[in-house]
Amino acid sequence: MVTNEDVVRTLERIADLLEIRGENVYKVRAYRQAAVQVENLGESIADVAAGEGGLVSLAGFGPAIAEKVSDLLQSGRLAFLEELEAEVPPTLLALCALPGVGPRTAALLWREAGITRLEELDAAAHSGTLQGIPRLGAKSIERIVAALDSQRDRGAKTRRARADVQPIVDELTGVLRALPEAAMVEAAGSFRRRRESIGDLDIVVATATPSKVLVAFSALPQVERVLMCGDTKSSVEVASGFQVDCRAVSVAQFGAAMQYFTGSQAHNVRLRGRALRMGLTLNEYGVFRLDGGERIAGATEEDVYAALGLRWIPPEQREDRGEIEAAVIDDVALAGAAVQTVLPRI
DNA sequence: TTGACCACGCATCACG
DNA sequence: CGTGATGCGTG
DNA sequence: GTCAA
């Protein structure tokens with residue numbers, strides 16, 4: 001019995017391996033999007049396959065992916081994936097899991113140094129074999145060594161329970177709010193979406209002096225390691241490896257930044273797609289007209305959603321499960337009884 | 001059949 | 001030394 | 001690879 005979860009894992013695995021192989025980014029994305037669709041599917045994918053229209057009736061499923069998933073459902077295997085795994089060593093996926101190492105670097109290590117597994121990478125990094133590989137400078141090698149060490153230190157504990165994160169949120173937002181430069185401070189990300197499992201923490205600060213706030217943030221006693229600190233964002237680790245990102249924006253951008261950093265990613269992508277179809281563009285600084293670039297929203301989240309013809313959507317609903325469609329302020333309501341306004345058609 | 005496919009910050013490296 | 005391209009990571 | 005024009 002092949003479950004939806006099996007299909008999701010398989011599609012994601014294909015995407016990862018294709019990425020290492022250097023396939024077209026949109027092909028890779030197509031597999032990832034298909035995986036997301038299956039993930040959000042409210043029924044058994046086997047039923048969909050058997051039902052009217054078959055798998056191609058699913059969004060993101062064209063003939064190619066439909067056939068592969070169909071094979072998988074029928075036989076429990078997928079020849080395509082097996083061929084791919086024969087071509088691209090699956091152990092490379094473990095390299096990609098290292099922070100700072102992505103598919104391109106994994107492919108580079110494989111091609112240039114014949115490295116396919118973590119142990120080989122570790123040995124090569126220390127023996128100096130890595131030196132001389134194009135695009136792999138001293139900094140990059142140092143980064144790899146650090147990543148391997150840090151992974152060894154703590155057995156790759158990734159996500160944390162909401163209850164464990166809450167005190168960290170309270171403490172960090174507390175000290176940031178005490179800064180005279182910080183006008184507004186809020187936690188965003190999956191924490192704000194009230195998810196039970198939290199991968200990392202995002203904190204948004206409104207301020208007129210971003211660098212001051214970020215420097216202060218990076219220097220907090222709770223900070224164990226600074227991953228990076230730029231002009232608008234800083235990433236650190238606190239409490240044995242838990243990552244916290246701090247983004248500093250102006251007061252006028254605070255709403256757009258909160259919207260952006262609250263996510264989810266899928267929600268944001270759909271929202272931005274909607275913006276484009278309305279002749280607008282959405283980023284973490286606001287909503288802008290495509291022609292001329294005039295800014296039309298950004299100070300508050302309500303602003304941002306309203307500019308896109310939407311009611312404000314509670315964070316816990318922002319998962320791209322139909323909440324955007326449900327929040328559309330329809331033409332009729334806007335136009336009143338008499339006048340037919342011309343809103344951009346979505 | 002063809003073109004578009006979200007948007008951006010930071011670190012690093014190659015190049016002039 | 002500055003600049004642009006690339007890779008990675010983030011929602 | 002998929003979708004829409």
Nucleotide nearest A:Arg272 when distance is taken to its side chain, options C:dG7, B:dC13, B:dC6: B:dC6

Spacing of A:Arg159 atom CZ relative to C:dT10 atom P, expressed in whole Å: 11 Å

Contact under 4.0 Å: A:Thr232 side-chain N or O vs B:dC10 OP1/OP2: yes

Exam field: side chain A:Ser264 to backbone A:His267, donor-acceptor pair closer than 3.5 Å: yes

Distance, rounded to the nearest Å, where A:Leu84 contributes CG and D:dG1 contributes P: 11 Å

Contact under 4.0 Å: A:Arg29 side-chain N or O vs B:dC6 OP1/OP2: yes

A:Gln131 CD: over 12 foreign heavy atoms closer than 6.0 Å: no

Selection from B:dC13, C:dG11, C:dG9 that lies nearest to any side-chain heavy atom of A:Tyr260: C:dG11

Side-chain N,O (A:Tyr26) to OP1/OP2 (D:dG1) below 4.0 Å: no

From B:dA11, C:dC8, C:dG11, nucleotide with atom closest to A:Arg143 side chain: B:dA11

Sugar-phosphate, base or nothing in reach of A:Glu284, heavy atoms under 4.0 Å: sugar-phosphate

More than 12 heavy atoms of other groups within 6.0 Å of A:Glu67 CD: no

Closest listed nucleotide, where the reference is the side chain of A:Arg135 and the choices are B:dA7, C:dG9, B:dT12: B:dT12

Closest to the A:Ala64 side chain, choosing from D:dT2, C:dG11, B:dG9: D:dT2

A:Gln259 vs A:Thr105, nearer the 5' end of DNA chain C by closest nucleotide: A:Thr105

Sugar-phosphate, base or nothing in reach of A:Gly102, heavy atoms under 4.0 Å: sugar-phosphate

Nearest listed nucleotide, side chain of A:Asn268, among B:dA7, C:dG11, C:dC8: C:dG11

Selected nucleotide, minimal atom distance to A:Arg104 side chain, candidates C:dG7, D:dG1, B:dT12: C:dG7

Touch class at under 4.0 angstrom, heavy-atom based, for A:Leu11 against every strand present: nothing

A:Asp200 CG to C:dC8 C1', straight-line distance once rounded to whole Å: 15 Å

Whole-Å gap separating P (C:dG11) and CZ (A:Phe191): 15 Å

Short side-chain N/O contact from A:Gln243 to OP1 or OP2 of C:dG9, under 4.0 Å: no

Separation of the P atoms in D:dT2 and B:dC8, to the nearest angstrom: 28 Å

Value in whole Å for how far the P atom of C:dC8 lies from NZ of A:Lys233: 15 Å

Test side chain to side chain donor-acceptor pair (under 3.5 Å) applied to A:Gln259 and A:Asn268, step by step: CA-CA 8 Å; A:Gln259 192 291 310; A:Asn268 287 357; 3.1 Å; yes

Side chain of A:Lys68 - closest among B:dT12, D:dG1, C:dT10: D:dG1

Whether over 12 other heavy atoms sit under 6.0 Å from A:Arg295 CZ: yes

Nucleotide nearest A:Ile65 (side chain, heavy atoms from C-beta), chosen from C:dG11, B:dC10, D:dG1: D:dG1

Donor-acceptor contact below 3.5 Å, side chain A:Glu323 vs main chain A:Arg321: yes

Sugar-phosphate, base or nothing in reach of A:Ala138, heavy atoms under 4.0 Å: sugar-phosphate

Distance below 4.0 Å between A:Ser140 side-chain N/O and B:dC13 OP1 or OP2: yes

Cation-pi, A:Tyr305 ring and A:Arg311 (6.0 angstrom, 45 degrees): no

Nearest to side-chain heavy atoms of A:Arg193, which nucleotide of B:dA7, D:dT2, C:dG11: C:dG11

Sugar-phosphate, base or nothing in reach of A:Val101, heavy atoms under 4.0 Å: sugar-phosphate

Atom-to-atom span, CG of A:Leu276 to P of D:dA5 - whole angstrom: 14 Å

Below 4.0 Å: OP1/OP2 of B:dC10 and any side-chain N or O of A:Ser235: no

A:Ser190 vs C:dG11: side-chain N/O to OP1/OP2 distance below 4.0 Å: no

Atom pair distance, as rounded to whole Å: CG in A:Asp245 and C1' in B:dC8: 14 Å

Whole-Å distance separating the CD atom of A:Gln37 from the C1' atom of D:dT2: 11 Å

